**Student:** 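Take a look at this one; I'll ask things after.
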Amino acid sequence: MAKEEETFDQYLARSSEDHGFEVCVQHLVMTGCLDAAFSSQLGPEMYNQDEAMMGLCTGLLHDIGKYSNEFQHMIRAASDDE
């Protein structure tokens with residue numbers, strides 16, 4: 001029998017004492033934009049759209065595992081301990 005998946009109102013990416021929680025979608029979009037900007041400068045041209053798109057995609061996907069129930073339980077439990 002398959003285990004029923006839990007859903008969360010917000011999926012959390014990380015937390016810090018200074019800033020509290022960072023929501024996954026915000027973290028992924030900001031990282032994707034930074035990766036796109038850096039990646040676009042890697043080619044011989046001043047701006048390379050293909051490399052920028054690759055950077056955006058890798059930034060958006062780099063923490064996809066944080067959408068797992070296991071990670072969400074872990075990050076919430078860790079913040080309860082602080």
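For clarity, every value in this text was computed on a predicted model and none was experimentally measured.
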**Student:** Under the salt bridge (Lys or Arg N to Asp or Glu O under 4.0 Å) definition, can you give me all pairs with a residue in residues 23-33, not counting sequence neighbours?
**Tutor:**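 Every pair satisfying salt bridge (Lys or Arg N to Asp or Glu O under 4.0 Å) with a residue in residues 23-33: there are none.
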**Student:** May I have all residue pairs that pass ring-ring contact (aromatic ring centres under 6.0 Å, His included) and include part of residues 20-40, sequence neighbours excluded?
**Tutor:**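 Non-adjacent pairs meeting ring-ring contact (aromatic ring centres under 6.0 Å, His included): His27-His62.
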**Student:** Does any N or O in the side chain of Gln72 come within less than 3.5 Å of the main-chain N or O of Leu12, such that one atom is a donor and the other an acceptor?
**Tutor:**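 It does hold such a pair.
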**Student:** Which residue pairs pass the salt bridge (Lys or Arg N to Asp or Glu O under 4.0 Å) test with at least one member in residues 55-69, sequence neighbours excluded?
**Tutor:**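 Sorted pair list: Asp63-Lys66.
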**Student:** What do the steps show when you test Tyr11 against Ile75 for side chain to side chain contact (heavy atoms under 4.5 Å, CB included), and what is the final call?
**Tutor:** CA-CA 10 Å; Tyr11 287 85; Ile75 194 169; over 6 Å; no
**Student:** If the plane angle is over 60° it's perpendicular, under 30° parallel, otherwise tilted; pick one for His73 and Phe8.
**Tutor:**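 Ring orientation, 0 to 90° scale: perpendicular.
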**Student:** For Cys33 versus Leu56, what's the shortest heavy-atom pair and its separation?
**Tutor:**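 Residues Cys33 and Leu56, closest heavy atoms: N-CD1, 4.2 Å.
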**Student:** What distance separates Ser39 OG from Asp50 CG, expressed to the nearest 0.5 Å?
**Tutor:**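 One finds 11.5 Å between OG of Ser39 and CG of Asp50.
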**Student:** State whether the number of non-hydrogen atoms from other residues, nucleotides or ligands found under 6.0 Å of Met30 atom CE is greater than 12.
**Tutor:**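 More than 12 within 6.0 Å, yes.
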**Student:** What is the distance from atom CE of Met54 to atom OG of Ser40, rounded to the nearest 0.5 Å?
**Tutor:**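 Between Met54 CE and Ser40 OG, I get 11.0 Å after rounding to 0.5 Å.
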**Student:** Please list, chain by chain and in numerical order, all residues satisfying side chain to side chain contact (heavy atoms under 4.5 Å, CB included) with Met74, sequence neighbours excluded.
**Tutor:**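 Partners of Met74 under the side chain to side chain contact (heavy atoms under 4.5 Å, CB included) test: Phe71.
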**Student:** Any donor and acceptor pair, going by atom type alone, linking the side chain of Thr31 with main-chain N or O of Leu28 inside 3.5 Å?
**Tutor:**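 No, Thr31 side chain to Leu28 backbone: no donor-acceptor pair under 3.5 Å.
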**Student:** Give a yes or no answer on whether the side chain of Thr58 reaches the backbone of Gly55 with a donor-acceptor pair at less than 3.5 Å.
**Tutor:**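 Yes, Thr58 side chain to Gly55 backbone: donor-acceptor pair under 3.5 Å.
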